[in-house]
Amino acid sequence: MPELPEVETVRAGLAEVVAGAKVTKIKVHDARSLKRHPASSGDFVDTLTGRTIQAAVRRGKFLWLPLNRKKNEPQLALIGHLGMSGQMLLRTPGFTEDALTRVTIYLKASDGSKYELRFVDQRIFGSLAIDLMEPTADGFPGGYSGEDHSGESWVNMIPNQVAHISRDPLDPVFSVDEVLRLFKKKQSGIKRVLLDQGVLSGIGNIYADESLWLAKIHYDQPAASISKPKAKELLEHVRVVLANACEAGGTSFDEQYKNINGESGYFSISLNAYGLTGLPCKRCGRAIKRENWMNRGSHFCPSCQRLRR
DNA sequence: ATGGACACCTGTGGGC
DNA sequence: TGCCCACAGGTGTCCA
């Protein structure tokens, strides 16, 4: 599943084409892919058809496309979450069908060219929805939208369904000190805290394991027990890992993650822990271990990443 | 607050 | 070949 770098790769790819594009038609092939939409799929289609998309914005793993605003109507956005296996493919009309396409949104770009935005999702944990936007609590932009959109009405707003998600480490408004304060209040294991999107967002299983390996911290180390300098170092590793993965176009090792053109990212070649069970740790040579944890897997070096008192 | 289990789903790969 | 199990980049909710 896509974590921040994969979602950012999708956002950046979409932004070039969808800004200023008009939705001409929608086909919902599987209504389960609209589970986040509070009303019927018919309502989804009716509300979205004929709208003009303003931009592509992301916070953590959530993506949204602000829509043009009609008179006497609140600001709306098409929001998307990729879940474990969601993809957004931007195809030209007539391009070979993509298996497991759940929703197709037909677009006419500002230059007149036509596209099909295909929401593909094997496991259907992802979803699209139309959501109301509200002003951000801190008055700053709701998320990252690439170029400078300051002055546009949707900039300092955030969709209702994303309002509980904290800022991610690549957000200019992200506060290291605030997150360190929250760490000090958490007795939970650090990995659980890193994955808590209400503390900081964008991190999933891959980048949590990678950041903890770089910082030489055991996944179950209580967050509050980590010294401030060490926690700060961890957050810096998180930032660098996420930034490098964005640079590489995300991590991909199977068919489940693709950019908008259906191509894979390259970050998997720089992984140090995730999915490397049994292989020698690149620092000490001891075999990387995988343990069952929270109904998933945790990968770490049992020698470099020890649980401390 | 916090940890755990589970629900939501489909598909693939390994072992027998 | 088929069958069964483990496993997969997430989120949300309910219960002790």
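Protein chains get the first letters and strands the later ones, always in sequence-line order, with residue 1 at the start of each.
For the P atoms, the distance from B:dG11 to C:dT11 is 22 Å, rounded to whole Å. Taking atom P on both B:dC9 and C:dC4, the two are 22 Å apart, rounded to the nearest angstrom. A gap of 15 Å separates the C1' atoms of C:dA8 and B:dC8, to the nearest Å. Across the P atoms, B:dA7 and C:dA6 are found 16 Å apart, a figure rounded to whole Å.
Ranking C:dC7, C:dG12, B:dT2 by closeness to the A:F62 side chain, first place goes to C:dG12.
B:dC6: Watson-Crick or G-U partner is C:dG12, with both key distances under 3.5 Å.
Close to C:dG12, at under 4.0 Å from its OP1 or OP2, lies a side-chain N or O of A:H164. Of the side-chain N and O atoms in A:K61, one or more sit less than 4.0 angstrom from OP1 or OP2 of C:dT11.
Among the atoms of the strands shown, none is found under 4.0 Å from any heavy atom of A:E255.
Spacing between atom OH of A:Y207 and atom C1' of C:dA8 amounts to 15 Å, rounded to whole angstrom units.
Between the side chain of A:Q305 and the backbone N or O of A:C301, at least one donor-acceptor pair lies under 3.5 Å. A donor-acceptor pair under 3.5 Å links the side-chain atoms of A:D254 to the main chain of A:Q256, judged by distance alone. A:R283 places a side-chain N or O within 3.5 Å of a backbone atom of A:W213 that can act as its donor or acceptor partner.
Residues passing the side chain to side chain donor-acceptor pair (under 3.5 Å) test with A:H237, sequence neighbours excluded: A:E233.
Put simply, the residue from A:M88, A:R58, A:E6 that forms a side-chain contact (heavy atoms from CB on, under 4.5 Å) with A:R11 is A:R58.
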How does protein reach along nucleotides 3-16 of chain B, written 5' to 3' as B (base within reach of a heavy atom under 4.0 Å), S (only sugar-phosphate), or - (no contact)? BB-B-BBBS-----
